[in-house]
Amino acid sequence: MSFSFDPGALFRRDLQDLVPYEVQGTADFTVKLDANESPFGLPAAVREEICRELTVRSFNRYPDPLARELVADLSRHTGVPAEGILAGNGSDELILTLLLAFGTGGKAVITPPTFPMYEVHARIAGAKPVAVPRQGESFALDVDGVIAAAGQPETRLVFICSPNNPTGNATSLAELEAVLKSCRALVVVDEAYQEFGGETALPLLGRYPNLVVLRTFSKAFGLAGLRVGYLLARPEVVRQLKRVKQPYNLNAFSQLAARAALKHWEEYRRLIAAIKEEREELYRELCLLPGVKAHPSEANFILFRTPLPAEEVHRHLLANGILIRRLGGPGLEGYLRVTVGKRDENRLFLEKLREALQTGGCAR
Ligand SMILES: *Cc1c(COP(=O)(O)O)cnc(C)c1O
């Protein structure tokens with residue numbers, strides 16, 4: 001027997017407008033330039049390393065909750081002591097962990113347009129997002145505005161993405177330092193794209209105990225499918241986070257794969273250099289297209305706008321098997337974001353974009 005039951009009525013009242021995270025269909029495209037992933041598969045040496053590990057490892061036991069081997073490798077890679085490193089199931093999870101540990105019941109400063117997960121996770125954790133919009137055509141951080149919001153007694157966290165997704169610009173160390181020294185909130189600098197440009201905030205960790213740096217294996221290391229992120233902070237901060245994190249947040253396979261990738265950092269250096277070269281080329285080409293406004297980028301993607309409605313461009317590209325990201329919301333109406341792919345992918349994208357701009361207006 002059954003009775004009428006509406007789980008929607010039980011769902012949290014404060015999150016009634018929340019929608020599930022969705023990605024565009026995996027169906028009809030061959031060139032995927034929408035999610036800032038690496039276009040490169042596993043380097044052969046990393047694949048071999050992982051296979052070698054698999055022959056001697058078992059997965060019948062729970063993973064190490066603190067991912068100590070990976071953390072030791074990350075300590076060597078970054079120069080940060082192991083006690084100041086926390087690994088997570090993607091940096092997405094670490095953003096939520098930060099908010100659950102420090103944000104609930106307080107405020108979290110965000111600087112839109114930026115990565116949407118800070119706001120979503122703030123709300124899920126029961127922290128109030130406070131927006132300090134970026135300014136002008138260059139989407140520069142409103143440093144004075146951030147300092148004013150960060151100084152409010154209810155503010156627990158400040159999220160600054162640098163280089164910023166989706167605008168591509170980085171925040172200078174001087175500006176980050178101005179924010180860090182002005183407040184007693186945690187200042188989280190999301191460096192998901194640091195390998196591609198911008199200055200790392202890490203040197204500031206010695207002077208500012210309220211700094212948290214977020215990194216990921218999803219972009220430059222090309223391991224988005226394995227979900228590995230990490231944060232770098234003072235040991236006192238990491239100790240608090242360990243109190244609320246899920247015990248087995250990072251699975252054993254992903255731990256060993258991330259270690260294999262780190263071991264071959266030199267290989268990734270070459271891939272990163274190739275992506276940066278392609279980025280500059282793609283930017284130059286976009287700027288040459290009539291009416292197109294492209295934003296300079298320190299990351300592995302480029303934000304741009306064309307004289308045509310964004311939907312129209314997006315649709316034309318999709319009809320030709322190319323998926324890019326359509327943006328929207330305050331400050332981003334009419335904008336598109338393209339991830340830097342391999343050379344032939346970028347060529348094809350440019351060719352089809354040119355085509356859309358030539359036929360646009362007639363093809364409606
Ligand atoms: C892609 C991205 C991440 C990465 O998230 P993971 O959960 O590690 O895959 C984090 N922050 C920003 C700004 C990003 O664009």
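Note that ligands are numbered from 1 as they come in the structure, with each ligand's atoms numbered from 1 the same way. These values consider heavy atoms only, across backbone and side chains, with no hydrogens, waters or symmetry-generated copies.
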A.B. asks: Begin with the C-alpha distance, continue with both residues' side-chain angles, and end with the deciding distance and a verdict on salt bridge (charged side-chain N to carboxylate O under 4.0 Å, His left out) for E312 and R315.
C.D. replies: CA-CA 5 Å; E312 206 169 299; R315 200 170 342 106; 5.5 Å; no
A.B. asks: Quick one: closest heavy-atom pair of T167 and H295, and the distance?
C.D. replies: O-CB, 4.1 Å
A.B. asks: Give a yes-or-no answer on whether the side chains of S297 and R337 include a donor-acceptor pair shorter than 3.5 Å.
C.D. replies: no
A.B. asks: Enumerate the atoms of ligand 1 whose separation from the nearest heavy atom of S218 is less than 4.0 angstrom.
C.D. replies: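 Those atoms are 6 (P), 8 (O), 9 (O).
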A.B. asks: Pull out every atom of ligand 1 sitting under 4.0 Å from any heavy atom of C161, numbered as shown with elements.
C.D. replies: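 Counting atoms of ligand 1 from 1, those under 4.0 Å from C161 are 13 (C).
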A.B. asks: Out of all atoms in ligand 1, which are within 4.0 Å of some heavy atom of F115? Include the element for each.
C.D. replies: 2 (C), 3 (C), 10 (C), 11 (N), 12 (C), 13 (C), 14 (C), 15 (O)
A.B. asks: Heavy-atom contact check, 4.0 Å cutoff: does Y193 meet ligand 1?
C.D. replies: yes
A.B. asks: Look only at the side chain of D64 and the backbone of R68, and say whether a donor-acceptor pair between them is shorter than 3.5 Å.
C.D. replies: yes
A.B. asks: Should the proximity of N165 to ligand 1, defined as any heavy atom under 4.0 Å, be assigned to the side chain, the backbone, both, or neither?
C.D. replies: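 Looking at N165 and ligand 1, just side chain atoms fall under 4.0 Å.
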A.B. asks: Is there a donor-acceptor pair under 3.5 Å between the side chain of N320 and the backbone N or O of I322?
C.D. replies: no
A.B. asks: Distance under 4.0 Å to a non-hydrogen atom of K219: what atoms of ligand 1 satisfy this?
C.D. replies: 1 (C), 2 (C), 3 (C), 4 (C), 14 (C), 15 (O)
A.B. asks: Distance under 4.0 Å to a non-hydrogen atom of Y118: what atoms of ligand 1 satisfy this?
C.D. replies: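 Result: 13 (C).
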A.B. asks: Can a donor-acceptor pair be found between the side chains of T339 and E37 at a distance below 3.5 Å?
C.D. replies: no
A.B. asks: Can you pull out the closest protein heavy atom to atom 11 (N) of ligand 1? Residue, atom name and distance to 0.1 Å, please.
C.D. replies: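 Residue, atom and distance for the closest contact: D190 OD2, 2.6 Å.
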A.B. asks: Would you call S91 a ligand 1 contact, heavy-atom distance under 4.0 Å?
C.D. replies: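 Distance cut 4.0 Å: S91 passes for ligand 1.
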A.B. asks: Among E49, E48, E53, which residue satisfies the salt bridge (charged side-chain N to carboxylate O under 4.0 Å, His left out) criterion with K263?
C.D. replies: E49
A.B. asks: Around atom CZ of R207, are there more than 12 heavy atoms from other residues, nucleotides or ligands closer than 6.0 Å?
C.D. replies: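 It does: R207 CZ has more than 12 such atoms within range.
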A.B. asks: Any N or O on N36 sitting closer than 3.5 Å to an N or O of ligand 1?
C.D. replies: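 So ligand 1 has no N or O lying under 3.5 Å from an N or O of N36.
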A.B. asks: With a 4.0 Å cut-off on heavy atoms, is R227 touching ligand 1?
C.D. replies: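 Yes, R227 has heavy atoms under 4.0 Å from ligand 1.
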